[in-house]
Structure formats: C-alpha cells, structure tokens
Amino acid sequence: MLDPKFLRNNLDVVAVQLARRGFTLDTGKLTDLEAERKVLQARTQELQAERKSKSKEIGLAKKNGQDVSEILSAVAKFGDELKAAEIRLKELQDETHALLMMIPNIPHESTPDGKDEDENVELRRWGDIPSFDFAVKDHVDLGAELGDGWNGKGGLMDFENAARLSGARFSILKGPLARMHRALIQFMLNTHTEEHGYSENYVPYLVRPDALRGTGQLPKFKEDLFAIEADEEAIEADKQLHLIPTAEVPVTNMVRESILDEAELPLRLTAHTPCFRSEAGAYGKDVRGLIRQHQFEKVELVQIVKPQDSLSALDELLGHAEKILQLLNLPYRVVALCTGDIGFSASKTFDLEVWVPAQETYREISSCSNFGDFQARRMLARWRNKATGKPELVHTINGSGLAVGRTLVAIIENYQQADGSIRVPEVLIPYMGGMEVIR
RNA sequence: GGAGAGGUGGCCGAGUGGUCGAAGGCGCACGCCUGGAAAGUGUGUAAACCGUAAGGUUUCGAGGGUUCGAAUCCCUCCCUCUUCGCCA
C-alpha cells in the first residue's frame, strides 16, 4: 500500500508515477472521498471529545454528590449525531482503504520505462551457451524417454499419468529425476544457509487472507489462488485458508505487526515450499511441460532491511540467486524489468533467465524484487530507529533462489547427451549418491 | 474434540464501571557517579490515525451489546497454555 498521507498530498505526482507502469489513478474519486472524509472526521472527533469531557464531568459530579441530570441531557442531545457520524466515517474509511489496496506500488526511479516485457532491459549474460552436434530435445521428450523400464512404463517424467490424477498442469517425477529434484532443494538451501547467511525456515502452506493482503496477492489477484473450501462463517471472519502461491507470503509475513530492533536487521530468511497457482494462462510451446504448473517447488530468499539498505540488499540477493546458477554452470542473463512488467507490489525487479536449449531462448527462473515499504505498510512491519526512537516501516525484498522445477528443466536440457541421457552437474553428484549420469 | 486457566505497552506484569493510555519491573535513550566499565542513581520512553502545527481521536485478542461513561459488566467468536481423548 502507498502512504495514504503522501498520496493525498501528492495526488498528481503519484498519478504520473503510476502512469509509468500503465496504471490510471482515479484521482477524482480519491479527491471526493477525501473531501468528505476530512470534514466528517473533524466533526466526529469534535463530538467524541465533547462526550469524553462531559463523561468526566459526570464522574466528578457524582463523586461530589451533585446533581448530574443537566449534563446527562446535554450529552443525550448530540448522541444521535455522533453515532451517525461514526458510522458514515467508518464507511468512508473502508471505501478509501479498499481503493488504496488496489493501487500498485510506485516504480523506483531506476526502473526503466516500458509498456510490457518486450521493453525489459538485459543487463548482462553469464556462461557459455552449449552447442550440440545432435538435434536437441526438450525436457518433455527427454523425460519421457528416460528410465526405460523404470517401474514398467511412462519414463521418468510423466504428465499423462499426472493428468489422470489431477488434471492438466501437474507432473510426476520418478526415480533419479525425482531424486535430482530433491537434490536441488537441498543444494540450494545448503548454499544459502551456509554461504549466504540466510536462516532456514519451515512455514505453513495454508494462510489466511490477511497474510495474502500483506504481501499483495489480495485483494487484486484472487483468481490466481487456490482457496480451501470454508463455510460462510469462516469466510465472514476472514479465516478462509488459501494455498500459498509462493513462500514469499508466509516468510515475509513472519514480521507482520511487529517492531524489530535495529540490531536484528537485516533479516535474511529462506524457506523451501511447494507453491500453488491456479492461473489459467494460455497453453503453448513456451509453457510446455514443467515450465508452468499448478504445483511447483521453490526455494525462496527474503530480506527484511532498513529502508536505506534496500537497494544494495536487492543486488546482494540477486547475487545469491545467481550463485546457484553459476554453481550449476547454467548459462543465464539478468534482466531489469520495465515499469510495465514489474509486479503489483514491486518497485524494482530483476529477473534471472536461464538458457533453455530446446526453445533457444532465455526463460525466467527467478524474480528478485524490492518492495520498498509497500508490503511493510500492509503488514505493519516496523523497526525501531535508534536515531529517532520511533518505529518506522521496514523494506522487504525477495527472490527465488531458485524455482526448482525450472532449474530441473534447465539441467535436463543443457546437460543432455546424444543418447538422451543427462549428465549430473558436478555440484549435485554428492547429493545424488554419486550418480553421474541419468539414463 | 472434552474440561480448566488465560489473552493488557518492545517484553513481563498490576489493574473488576469514572481524574486509566493504564501501577511496577525489564529493555532502551540521555545524564550523574567512575581513570574506564559494571553496579548504583536521576529523568524520559506504547501504537495507529487526523492535523503545517498547537492539538485531537482511537486502541487493553476480535466483533457485537449494556451505559452519559467499559481494560473492567453481558453475548458470540478467535487464539494460547495445562489436561484428557485421538493421531503422524
């Protein structure tokens, strides 16, 4: 959420900044709401102050054994007006808040302008794109042909069977492929906790709407989430559980409604979780196979930092994600997302895109964003500034380190051999019980 | 799921209808003391919101109710702890 105070005092400036990302701010609506709110709030508070002082008078008078009937009737006179004012004020505040919750973050000044992903800016490339002296296959074909005879049928990557259980966009991994998937998770977590200073967390996969509002998935992106069936009462009480679309939600919300000591910062948190997304995007070659699933695994990196540190922390976190690709020797590039492509809550985002040989292109494998105080304000996550003695909003940063399924895709395709077998990346061999090739 | 006990400021903890946003302690900040530190000691220190400010409003798990007035009384719900049952 944007700072409501800043917003109403700089409506036109904010509108211009939001226009950079293609969002049209309804300034007229906000102005109208604000005008009515201001008058009403002043009046309401005036009446409340009146009631408060009168009530104190009554208390004193009673104690002194004086007659209070005169004061009582004075209070009764404006009771109805006060009640009506309070109700209307609440309505106005709720309406304004609902509007505010639908407004995306302001892009950071360093975020390049652009209307969509075509205008993202490539910053650098790493690694050598492998050349093959045979026709490369994609991971779907490779996976289906691997493990001949393994448990009878279906290859090591089986979408047909998964579809029978769960429908489209689910997958089954078997044998050494399932193990490599698990190996990747261990490898990523070990690297981040042992080399990059993150603390490991195990977190809930089901969360309440408040947590999702905190990080920005709600209220605007309800259709992308899987919700658990709940009765009217639970929904009314705002307790309906949702499957997490990313570990960002439970991990970032670990600091919600708290005031952190300055000495505790920065917090570097990591967690491996499954992620569930119901997004019903178009099918096509570029989302074939394991690329876009309703259920996938991810190792997430989150940092909670002081505002002045967030830009450098984003660079640092990006480096931590890059390190995984480097250790796996997977070629990738770093892309700065333009204003038209950054997510709702983000002010600045770098994507890591890994080389996918079968598509002869780079595909997103990690998205690292600085949210500024946007999520912190929604969560009421603060730190105590020693200089001022006051609580101030933290800044939040997160990124995938990495998406496990897509990393598996990248390994399968980049490490494929002419006979359809897959070499195991050097760093994963210990995690694979010494296995060097998957056949 | 049953029974019992609880949910108060950054933390602990007092407070059962009125001058309570709330004693006391811890922590923190600044000062005194000290060669320096610790100890001791003095003062200050909840948050959110409105307001340029002065100042004001709200908040004692959440929501509703009673009342001129609620941390305090009533109702509903949530959560935590203990215990029994069940279970991985």
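Labels below follow one simple rule: chain letters A, B, ... track the order of the sequence lines, proteins then strands, and each chain is numbered from 1.
- At a threshold of 4.0 angstrom between heavy atoms, the contacts of A:K52 are confined to the sugar-phosphate backbone, with no base atom among them.
- Contact annotation: A:K386 reaches the phosphate of B:rA29 (side-chain N/O to OP1 or OP2, under 4.0 Å).
- Of the N and O atoms on the side chains of A:N370 and A:S347, not one donor lies less than 3.5 Å from an acceptor on the other residue.
- Between the CZ atom of A:R377 and the P atom of B:rA48 there is a distance of 12 Å, given to the nearest Å.
- Using a 4.0 Å cut-off between charged side-chain N and carboxylate O, A:R43 and A:E46 make a salt bridge.
- When distances are taken from the side chain of A:R8 to each of B:rA47, B:rG51, B:rG56, the shortest belongs to B:rG51.
- The separation between A:Y202 atom OH and B:rA88 atom C1' is 12 Å, rounded to whole Å.
- The phosphate of B:rU58 has OP1 or OP2 within less than 4.0 Å of a side-chain N or O from A:R51.
- Using N1 to N3 plus N6-O4 or O6-N4 for Watson-Crick, or N1-O2 and O6-N3 for G-U wobble, each under 3.5 Å, B:rG35 pairs with nothing.
- Nucleotides B:rG44 and B:rG25 place their P atoms 12 Å apart, quoted to the nearest Å.
- When the P atom is compared between B:rG42 and B:rG51, the two are found 41 Å apart, to the nearest whole Å.
- Separating the CZ atom of A:R37 from the P atom of B:rC50 is a distance of 6 Å, rounded to the nearest angstrom.
- As rounded to the nearest Å, B:rG9 and B:rA48 have P atoms that lie 14 Å from one another.
- Remark: B:rA53 base-pairs with no nucleotide; criterion is Watson-Crick or G-U wobble with both hydrogen-bond distances under 3.5 Å.
- A:T396 places no side-chain N or O within donor-acceptor distance of the main-chain N or O of A:Q375, the cut-off being under 3.5 Å.
- Nucleotides B:rU59 and B:rA22 are separated by 12 Å at their C1' atoms, to the nearest Å.
- Classified by interplanar angle (parallel below 30°, tilted 30° to 60°, perpendicular above 60°), the ring pair A:H196/A:H192 is tilted.
- Going from atom CD of A:Q93 over to atom P of B:rC50 covers 9 Å, rounded to whole Å.
- Using atom P as the reference point in both B:rC68 and B:rU80, the two lie 38 Å apart (nearest Å).
- Map A:K390 and A:L72 each onto its nearest nucleotide of RNA chain B; the residue landing nearer the 5' end is A:K390.
- As rounded to whole Å, 11 Å separates atom P of B:rG51 from atom CG of A:D3.
- In this structure, B:rU66 makes no Watson-Crick or G-U wobble pair, since no nucleotide meets both defining distances under 3.5 angstrom.
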Requested in this report: Kindly indicate, with the supporting measurements, whether the criterion ring-ring contact (aromatic ring centres under 6.0 Å, His included) is fulfilled by A:H320 and A:Y198.
Outcome: CA-CA 10 Å; A:H320 296 152; A:Y198 288 76; 5.2 Å; yes
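- Applying the 6.0 Å contact sphere to CD of A:E109 captures no more than 12 heavy atoms from other residues, nucleotides or ligands.
- With hydrogens and angles left out, the side chain of A:K38 and the base of B:rG51 share no donor-acceptor pair within 3.5 Å.
- For the atom pair A:M180 CE and A:M435 CE, the distance stands at 8.5 Å (nearest 0.5 Å).
- Of the possible donor and acceptor atoms, none in the side chain of A:E248 sits under 3.5 Å from a partner among the backbone N and O of A:I244.
- Nucleotides B:rA53 and B:rC75 place their P atoms 44 Å apart, quoted to the nearest Å.
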When you compare the protein's N or O atoms with those of nucleotides 10-12 of chain B, which come within less than 3.5 Å of each other, and at what distance?
none

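- Pairing partner, B:rA3: B:rU82, with both Watson-Crick or wobble hydrogen-bond distances short of 3.5 Å.
- With rounding to whole Å, A:E264 atom CD is found 17 Å from B:rG27 atom P.
- Sorted by first and then second residue, the salt bridge (Lys or Arg N to Asp or Glu O under 4.0 Å) pairs with a member in residues 337-347 of chain A form an empty list; sequence neighbours excluded.
- Both distances falling under 3.5 Å, in either a Watson-Crick or a G-U wobble arrangement, occur for no nucleotide opposite B:rG21.
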Within the sub-3.5 Å range, which N or O atoms of nucleotides 63-65 of chain B have a protein N or O partner, and how far apart are they?
none

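- B:rG65 and B:rC28 have their C1' atoms separated by 41 Å, given to the nearest Å.
- For B:rC26, the paired nucleotide is B:rG10, the pair qualifying as Watson-Crick or G-U wobble because both relevant distances are below 3.5 Å.
- For the pair A:I58 and A:P4, both in contact range of RNA chain B, the more 5′-proximal nearest nucleotide belongs to A:P4.
- In a base pair of the Watson-Crick type (N1 to N3 plus N6-O4 or O6-N4) or a G-U wobble (N1-O2 and O6-N3), with each distance short of 3.5 Å, B:rU58 is matched with B:rA47.
- Rounding to whole angstrom units, CG of residue A:D261 and P of B:rA29 are separated by 10 Å.
- At most 12 non-hydrogen atoms from other residues, nucleotides or ligands lie less than 6.0 angstrom from CD of A:E70.
- Taking atom CD on A:E86 and atom P on B:rU57, their separation rounds to 13 Å, with Å as the unit.
- In terms of modelled atom types and a separation under 3.5 Å, the side chain of A:S366 and the main chain of A:S400 share a donor-acceptor contact.
- Listed nucleotides: B:rC79, B:rU57, B:rU19. Nearest to the side chain of A:K56: B:rU19.
- Nucleotides B:rG61 and B:rC11 have their P atoms positioned 13 Å apart, rounded to a whole Å.
- As the counterpart of B:rA88, no nucleotide is assigned, since no Watson-Crick or G-U wobble pattern has both distances under 3.5 Å.
- For A:S55, the side-chain atoms get nearest to B:rC68 when compared with the rest of B:rG51, B:rC78, B:rC68.
- Note: A:D80 CG to A:L47 CG = 11.5 Å, rounded to the nearest 0.5 Å.
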